[in-house]
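Heads up: the structure comes next, in structure tokens.
In what follows, every heavy atom counts, from backbone to side chain, and hydrogens, waters and symmetry copies are set aside. All of these numbers come straight from a predicted model, not from anything done at the bench.
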Amino acid sequence: RAPTSSDEQRKTSRTPSSEGRKAMQLATSRRLGEWVLFSIAIFIISSCLKGSEDEHAKVVVFSDENGASGVTKAPEAMKIAVMISGQQSRFSYKEGLDLLAPKALRYLFEGGFRKIDNGTEIGINREGNQTRLPSRRVQIDVFVTLQQGSIGAKNWAGVRPLQPPYEEGAFSTETIRKFYIGHGADYVQVKHVASEEIEKDLSSFKGAMLEKHGQKWWNTHMDASKFNKYGNPFLGSYAMFYLRHRAFLEVIHGERTRGGNSQYDYVLTLREDNCFMSVIREGYYGKLIRDLESSAAKINSTQHQQQVIVDHVCGNGGLSDKILLPNRMAASVLFGENYAAHIRNMELFMMTQLRSEVFYAAAIGGQHVPRGQLDKAYGHMRGMTRPFFRIDVRWNEFSPGVIGPCTPRQYWYCVVRYPYSSNRAENRRVMHETFQAMHMRMCPK
């Protein structure tokens with residue numbers, strides 16, 4: 001069919017003119033520009049809001065000694081590794097924390113309660129007053145390393161302690177993990193070590209010492225006259241040192257997996273039978289760290305970079321091995337960051353009367369062993385003794401069928417003999433209240 005004039009009109013109407021095409025392109029560009037600007041505005045607003053939230057999270061209101069108030073950025077979080085090691089069969093972990101606040105681990109370190117006021121974090125102490133300095137957030141990771149098996153017939157504290165009569169499954173990895181999470185831990189790792197592993201390590205150490213020093217040196221330092229009525233102290237102490245070394249290796253692994261290769265600041269080191277006393281004030285262990293850092297700041301920065309706090313009681317002629325609070329550098333030395341460092345520590349232990357308290361006195365304070373005989377790794381160690389407000393707890397049978405928690409007499413008496421205050425009656429009152437709260441007494445002879 002030949003095209004008509006109406007066909008030409010329809011074709012012309014469907015084909016936009018050059019002016020129409022420009023108008024459409026302009027409208028499309030305008031809409032696209034508006035969408036881009038809208039997206040940018042949303043991004044800027046959300047970024048500002050996020051930045052505001054971040055700043056609020058970092059800002060702390062405080063008042064100084066003179067009553068002047070101000071605003072400052074909160075310090076970075078302090079990272080604490082709590083390292084617990086010992087025998088599973090006397091792991092009294094429930095008694096160890098139950099005398100403190102529900103979030104016991106945080107109670108030890110954090111300086112005060114916190115509240116948010118219009119997005120600003122304010123440090124508040126337990127009396128409800130503003131703190132003088134910003135509260136420092138604390139990350140607490142717990143590493144538990146336990147030796148499997150039963151306790152030997154001979155031990156250090158008189159009668160043989162019993163395994164705590166907890167519920168079935170109380171010593172499983174998951175139960176222990178949940179317990180410490182419930183008491184304020186951010187992360188918990190539990191490892192069980194077979195006795196054969198410790199025996200193998202001891203055999204390897206003996207071989208290394210025989211190769212380095214010979215049989216005479218070994219026999220001299222293993223002199224039977226150094227052993228007390230409970231048997232050879234070397235075996236039990238070696239297990240303690242190895243378990244601490246093993247636990248510290250887990251701490252190092254935790255640094256790589258938990259903190260992006262960021263090291264912990266301090267390593268609170270406990271025995272399996274540790275019990276904190278109810279007289280500890282909130283944030284007391286955090287105050288110990290602040291005192292240590294303040295003291296370190298007054299000396300040459302190149303000296304004494306390895307800092308450690310030990311308990312001022314129950315040293316038994318050396319320094320107490322019950323509880324230690326070293327900084328990360330000191331922990332590497334005291335617990336051995338690798339096998340060679342562990343062997344070095346055990347060699348020093350052989351040279352210090354086979355007594356762990358004397359070992360720590362030598363490693364930390366240079367006592368008992370001439371400094372020239374010590375490895376240079378111990379040369380910059382600096383120690384402070386402070387009250388830790390803790391005591392040992394065991395389970396014993398007091399009469400047929402009657403068992404309960406108790407503390408060995410020798411440790412009870414050394415706590416009273418080297419008091420937390422100058423008033424001995426006050427110390428006895430504190431101990432009595434602690435025992436009442438725990439339904440605990442002195443262990444039978």
- Item | Residue pair Met209 / Ile343, side-chain heavy-atom distance below 4.5 Å | yes
- ring-ring contact (aromatic ring centres under 6.0 Å, His included) with Phe276: which of Tyr107, Tyr285, Tyr284? Tyr285
- Note on the structure: Closest non-hydrogen contact found for Cys443 with Phe398 is CA-CE2, 4.4 Å
- Shortest non-hydrogen separation from Gln263 to Lys79 and the atoms involved: O-CD, 4.0 Å
- Step-by-step side-chain contact (heavy atoms from CB on, under 4.5 Å) determination, Tyr242 to Met346: CA-CA 9 Å; Tyr242 177 77; Met346 293 298 90; over 6 Å; no
- Message: Can a donor-acceptor pair be found, under 3.5 Å and without considering hydrogens, that links the side chain of His221 to the backbone of Met350?
- Response: yes
- Task: Rounded to the nearest 0.5 Å, what's the gap from NZ on Lys287 to CG on Leu108? Could you check?
- Result: 14.5 Å
- Task: To the nearest 0.5 Å, tell me how far Ile80 CD1 sits from Leu105 CG.
- Result: 11.0 Å
- Checking Leu268, Asp311, Thr269, Leu270 against Leu324 for side chain to side chain contact (heavy atoms under 4.5 Å, CB included), the one that qualifies is Thr269
- Message: Please determine whether side-chain contact (heavy atoms from CB on, under 4.5 Å) holds for the pair Arg386 and Leu325, giving the CA-CA distance in whole Å, both sets of side-chain angles, and the decisive distance to 0.1 Å.
- Response: CA-CA 10 Å; Arg386 293 290 186 273; Leu325 184 54; over 6 Å; no
- Would you say the side chains of His213 and Glu347 form a donor-acceptor pair under 3.5 Å? yes
- Item | From Tyr187 atom OH to Ile140 atom CD1, the distance as rounded to the nearest 0.5 Å | 15.5 Å
- Item | Residue list, salt bridge (charged side-chain N to carboxylate O under 4.0 Å, His left out) with Glu168, at least two apart or on another chain | none
- Message: Is the shortest side-chain heavy-atom distance between Leu288 and Phe388 below 4.5 Å?
- Response: yes
- Query: Are the side chain of Asn396 and the backbone N or O of Met442 linked by a donor-acceptor pair below 3.5 Å?
  - Reply: no
- Between Glu397 and Pro444, the two heavy atoms sitting closest are O-CG, 4.0 Å
- Side-chain contact, heavy-atom cut-off 4.5 Å: Trp395 with Arg90? no
- Message: When you compare the side chain of Leu334 with that of Tyr360, does any pair of heavy atoms fall below 4.5 Å?
- Response: yes
- Could you tell me whether Phe241 and Phe359 have their ring centroids closer than 6.0 angstrom? yes
- Task: For Tyr166 and Thr175, test the side chains for any donor-to-acceptor distance below 3.5 angstrom and give the result as yes or no.
- Result: no
- Message: Quick check: Phe234 with Phe349 (ring centres under 6.0 Å apart)?
- Response: yes
- Query: Would you call Arg271-Asp392 a salt bridge at under 4.0 Å N-O?
  - Reply: no
- Closest non-hydrogen contact found for Val267 with Pro326 is O-CD, 2.8 Å
- Item | Side chains of Ser195 and Gln147 in contact at under 4.5 Å (non-hydrogen atoms) | yes
- Message: Test: salt bridge (Lys or Arg N to Asp or Glu O under 4.0 Å). Region: residues 181-206. Which pairs qualify, not counting sequence neighbours?
- Response: Arg106-Asp186, Glu197-Arg246
- Task: Indicate the atoms forming the closest heavy-atom contact of Tyr93 with Ala170, along with that distance.
- Result: OH-O, 2.6 Å
- Task: Determine, step by step, whether Val193 and Thr145 satisfy the side-chain contact (heavy atoms from CB on, under 4.5 Å) criterion, reporting the C-alpha distance in whole Å, the side-chain angles of both residues, the deciding distance to 0.1 Å, and the verdict.
- Result: CA-CA 7 Å; Val193 176; Thr145 302; 3.6 Å; yes
- Ala185 and Val142 have their tightest heavy-atom pair at CB-CG2, 3.7 Å
- Item | Criterion side-chain contact (heavy atoms from CB on, under 4.5 Å) on Arg328 and Ile252, from CA distance to verdict | CA-CA 10 Å; Arg328 179 58 173 77; Ile252 295 175; 3.7 Å; yes
- Should Arg409 and Trp412 count as side-chain neighbours, where that means a heavy-atom distance under 4.5 Å? no
- Which distance, rounded to the nearest 0.5 Å, do you find between the CZ of Arg394 and the SG of Cys275? 12.0 Å
- If you count the non-hydrogen atoms of other residues, nucleotides and ligands that lie under 6.0 Å from CD in Glu211, is the total more than 12? no
- Item | Side chain proximity check, Gln148 to Leu146, heavy atoms < 4.5 angstrom | no
- Item | Beyond-backbone contact of Phe171 with Pro164, side-chain heavy atoms, under 4.5 angstrom | yes
- With distance as the sole test, does Arg344 use its side chain to make a donor-acceptor pair with the main-chain N or O of Val333 at under 3.5 Å? yes
- Item | Donor-acceptor under 3.5 Å (Asp141 side chain, Ala81 main chain) | no
- Query: Atom CZ in Phe143, atom CG in Leu249: separation rounded to 0.5 Å?
  - Reply: 11.5 Å
- What residues, two or more places apart in sequence or in another chain, satisfy salt bridge (charged side-chain N to carboxylate O under 4.0 Å, His left out) together with Glu167? Lys94
- In Å, rounded to the nearest 0.5 Å, how long is the span from CD1 of Ile364 to CE of Met384? 12.5 Å
- Message: Does the plane of the ring in Phe91 sit parallel, tilted or perpendicular to the ring in Tyr180? Use 30° and 60° as the thresholds.
- Response: parallel
